[in-house]
Amino acid sequence: MLEGKAVVRETDMPEAMQNHCLELAYQALDLHEVCDRQAIAHYIKQKFDEAYGPAWHCVVGVDFGSCITHLCGNFIFFRVETMEFLVFKDGKDLTESKEEAIGVLQGAGKVDS
């Protein structure tokens, strides 16, 4: 387990969501071995999907680069000691039904009936 204080390097999340993310990171580090970065990332992603809807992504590692697109207000990049965490939401909430999506495409002339 890493016990250092989390340092937020970049974010546009509301403060309450940031605090929730940091709390989940500490929980994940308590539950999983530090070397099991995939399990740590999966835990945070799953909890964020449950709390804030689907389409969350989480990257955990010690040295990585990224170039992402995210929804405004849904991004945080922080570290705990040497471990870095990137959590963001991408795309739609995926709440529209298949019929609604097809209806939009038909209205735009993109789907043949």
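Being a predicted model, the structure only gives us computed values, none of them experimental.
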(message) How long is the straight-line distance from CG of Asp30 back to OH of Tyr43, given to the nearest 0.5 Å?
(response)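 Interatomic distance, Tyr43 OH to Asp30 CG, rounded to 0.5 Å: 9.0 Å.
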
(message) I need the Met17 CE to Lys89 NZ distance, nearest 0.5 Å.
(response)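 It is 7.5 Å, given to the nearest 0.5 Å.
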
On a heavy-atom basis, which atom in [X] and which in [Y] lie closest, and how many Å separate them?
{"X": "Asp12", "Y": "Gly73", "answer": "OD2-N, 2.9 Å"}
{"X": "Phe85", "Y": "Ala25", "answer": "CE2-CB, 4.0 Å"}
{"X": "Gly61", "Y": "Arg37", "answer": "CA-CD, 3.7 Å"}
{"X": "Ile76", "Y": "Cys21", "answer": "CG2-SG, 3.8 Å"}
{"X": "Ala6", "Y": "Leu22", "answer": "CB-CD2, 3.8 Å"}
{"X": "Val87", "Y": "Met13", "answer": "O-CE, 4.2 Å"}

Determine whether [X] and [Y] make a side-chain contact, defined as any pair of heavy atoms from C-beta on separated by less than 4.5 Å.
{"X": "Asp90", "Y": "Ile68", "result": "no"}
{"X": "Leu86", "Y": "Phe75", "result": "yes"}
{"X": "Trp56", "Y": "Ile44", "result": "no"}

(request) Kindly check if the number of other-residue, nucleotide or ligand heavy atoms within 6.0 Å of CD (Gln27) is above 12? (result)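 Counting neighbours around CD of Gln27, more than 12 heavy atoms of other residues, nucleotides or ligands fall under 6.0 Å, so yes.
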
(message) Surrounding CD of Glu33 (heavy atoms of other residues, nucleotides or ligands, distance under 6.0 Å), is the total greater than 12?
(response)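 Check fails, neighbour count at 12 or below.
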
(request) Only one of Leu31, Leu24, Leu29 passes side chain to side chain contact (heavy atoms under 4.5 Å, CB included) with Ile40; say which it is. (result)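 Testing each of Leu31, Leu24, Leu29 against Ile40, the sole residue satisfying side chain to side chain contact (heavy atoms under 4.5 Å, CB included) is Leu29.
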
(request) Decide whether Val7 and Tyr26 are clustered together by the hydrophobic rule: side chain heavy atoms of Ile, Leu, Val, Met, Phe, Trp, Tyr closer than 4.5 Å, transitively. (result)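 Val7 does not cluster with Tyr26.
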
(message) With a 4.5 Å cut-off on side-chain heavy-atom distances among I, L, V, M, F, W and Y, is there a chain of contacts connecting Val59 to Phe77?
(response)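 Yes, Val59 and Phe77 fall within the same hydrophobic cluster.
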
(message) Looking at Cys72, is its backbone amide N or carbonyl O close enough to the side chain of Asn74 to form a donor-acceptor pair, meaning the two atoms are under 3.5 Å apart?
(response)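 The answer is yes, because a donor-acceptor pair under 3.5 Å joins these two groups.
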
(request) Answer yes or no: is there a donor N or O on one side and an acceptor on the other, between the side chain of Glu81 and the main chain of Gly4, under 3.5 Å? (result)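 Yes; at least one donor-acceptor contact below 3.5 Å.
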
(message) Holding to side chain to side chain donor-acceptor pair (under 3.5 Å), I want the full list of residues that pass it with His20, two or more places apart in sequence or in another chain.
(response)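 Listed in chain order: Tyr52.
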
(request) Please identify each residue that fulfils side chain to side chain donor-acceptor pair (under 3.5 Å) with Gln18, with sequence neighbours left out. (result)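 Once residues adjacent in sequence are excluded, Gln18 has no partner under the side chain to side chain donor-acceptor pair (under 3.5 Å) criterion.
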
